[in-house]
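Small disclaimer: the values here were computed from a predicted structure and weren't measured. First listed ligand is number 1; within each ligand, the first listed atom is number 1.
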Amino acid sequence: MSKTATKRSGNTAQKSDETMLKELFIDELKDIYWAEKHLTKALPKMSKAATSQELANAFQEHLAQTEVQIERIEQVFEILEMTARAKKCEAMEGLVKEAQNVIEEQPKGTMVRDAGLIISGQKVEHYEIAAYGSLVQLAKTMGENEIADILAQTLEEEKQTDQLLTELAVSGINISADNETEE
Ligand SMILES: [Fe+2]
Ligand SMILES: [Fe+2]
């Protein structure tokens, strides 16, 4: 919680370690910035493709959250006195492609499609949870507590979204999907 950890030794070796960790942090921040922006294009498509209104709403609501999350990242860049820059996130590009495959492969109007979309959504959330969890920890280590607090808010939202998707799956969508047969 304090900066003492990073100030244990004030010599230059310590300082250069700090800079390298900060560079790693910034690199990861650029990655998730790209990922979140990419998601603002994917989530509306996932919402539109969903069969159940509940799932469509969940993706729509997460889109609104994602827009705020992007602003939080920009806030973090500001605190670091940097221009916000994105760096292509190959993982998120791949996860979004997988979601698109679900939409192409699972017939429109089926609950199986929703079950598939939930899996895709949860894979996305888990990537984000890993990314934000790591960023929060790195920020704490660097004594950047304000940044840690900002990113912890997003981390909590990603966890809640993951949880919501689990609930939608187990409360009905998977069961309905289990009753569907191919024509
Ligand atoms: Fe997000
Ligand atoms: Fe998310």
Side-chain angles (χ1 to χ4, degrees), residues 24-80 82-103 106 113-140 142 144-174:
L24 175 68
F25 178 88
I26 291 161
D27 218 51
E28 294 292 335
L29 195 65
K30 288 177 182 172
D31 173 283
I32 198 69
Y33 190 45
W34 191 96
E36 295 284 21
K37 284 184 155 191
H38 193 56
L39 279 170
T40 59
K41 287 177 245 160
L43 283 166
K45 292 179 195 160
M46 291 168 80
S47 177
K48 214 175 145 216
T51 301
S52 67
Q53 194 57 49
E54 274 174 307
L55 184 60
N57 291 347
F59 286 138
Q60 205 57 45
E61 277 160 29
H62 198 51
L63 171 64
Q65 270 181 329
T66 300
E67 277 156 6
V68 176
Q69 292 172 352
I70 288 170
E71 285 169 18
R72 286 197 193 110
I73 296 172
E74 287 165 354
Q75 222 182 312
V76 170
F77 275 114
E78 233 177 84
I79 293 169
L80 294 169
M82 289 180 69
T83 313
R85 281 225 175 83
K87 185 180 167 190
K88 188 176 176 183
C89 171
E90 307 281 352
M92 193 54 76
E93 185 181 52
L95 290 170
V96 165
K97 271 187 192 153
E98 285 193 12
Q100 278 160 357
N101 289 345
V102 167
I103 297 168
Q106 304 303 332
R113 178 187 268 203
D114 278 15
L117 283 172
I118 289 176
I119 295 171
S120 297
Q122 288 193 289
K123 286 179 179 174
V124 166
E125 294 316 306
H126 281 239
Y127 180 86
E128 293 183 301
I129 290 166
Y132 284 108
S134 304
L135 285 169
V136 168
Q137 284 311 315
L138 286 186
K140 282 183 184 169
M142 296 187 302
E144 296 283 1
N145 295 326
E146 190 188 355
I147 292 174
D149 289 345
I150 291 168
L151 297 176
Q153 291 174 47
T154 299
L155 176 61
E156 198 44 49
E157 288 172 359
E158 310 296 22
K159 285 180 181 171
Q160 281 169 4
T161 302
D162 178 49
Q163 188 62 38
L164 174 66
L165 290 173
T166 298
E167 281 161 23
L168 288 177
V170 301
S171 71
I173 288 171
N174 286 0

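In this structure, Glu157 pairs ionically with Arg72, as a charged nitrogen and a carboxylate oxygen lie closer than 4.0 Å.
Side-chain atoms of Arg113 never come within 3.5 Å of backbone atoms of Thr51 as a donor-acceptor pair (strictly under, hydrogens ignored).
A donor-acceptor contact closer than 3.5 angstrom is absent between the side chains of Gln69 and Thr154. The closest side-chain donor-acceptor pair between Asn57 and Gln53 falls under 3.5 angstrom. In this structure, a donor-acceptor pair under 3.5 Å is absent between the side chains of Glu156 and Tyr132.
The nearest N, O or S atom of Gln69 is closer to the Fe ion (ligand 1) than 2.8 Å. At least one N/O/S atom of Glu36, from backbone or side chain, sits under 2.8 Å from the Fe ion (ligand 1).
Closest to the Fe ion (ligand 1) among the N, O or S atoms of Glu158 is OE2. Sorting the N, O or S atoms of Glu125 by how far they are from the Fe ion (ligand 2) puts OE1 first. The closest approach of Glu128 to the Fe ion (ligand 1), by N/O/S atoms, is made by OE2. Sorting the N, O or S atoms of His62 by how far they are from the Fe ion (ligand 2) puts NE2 first.
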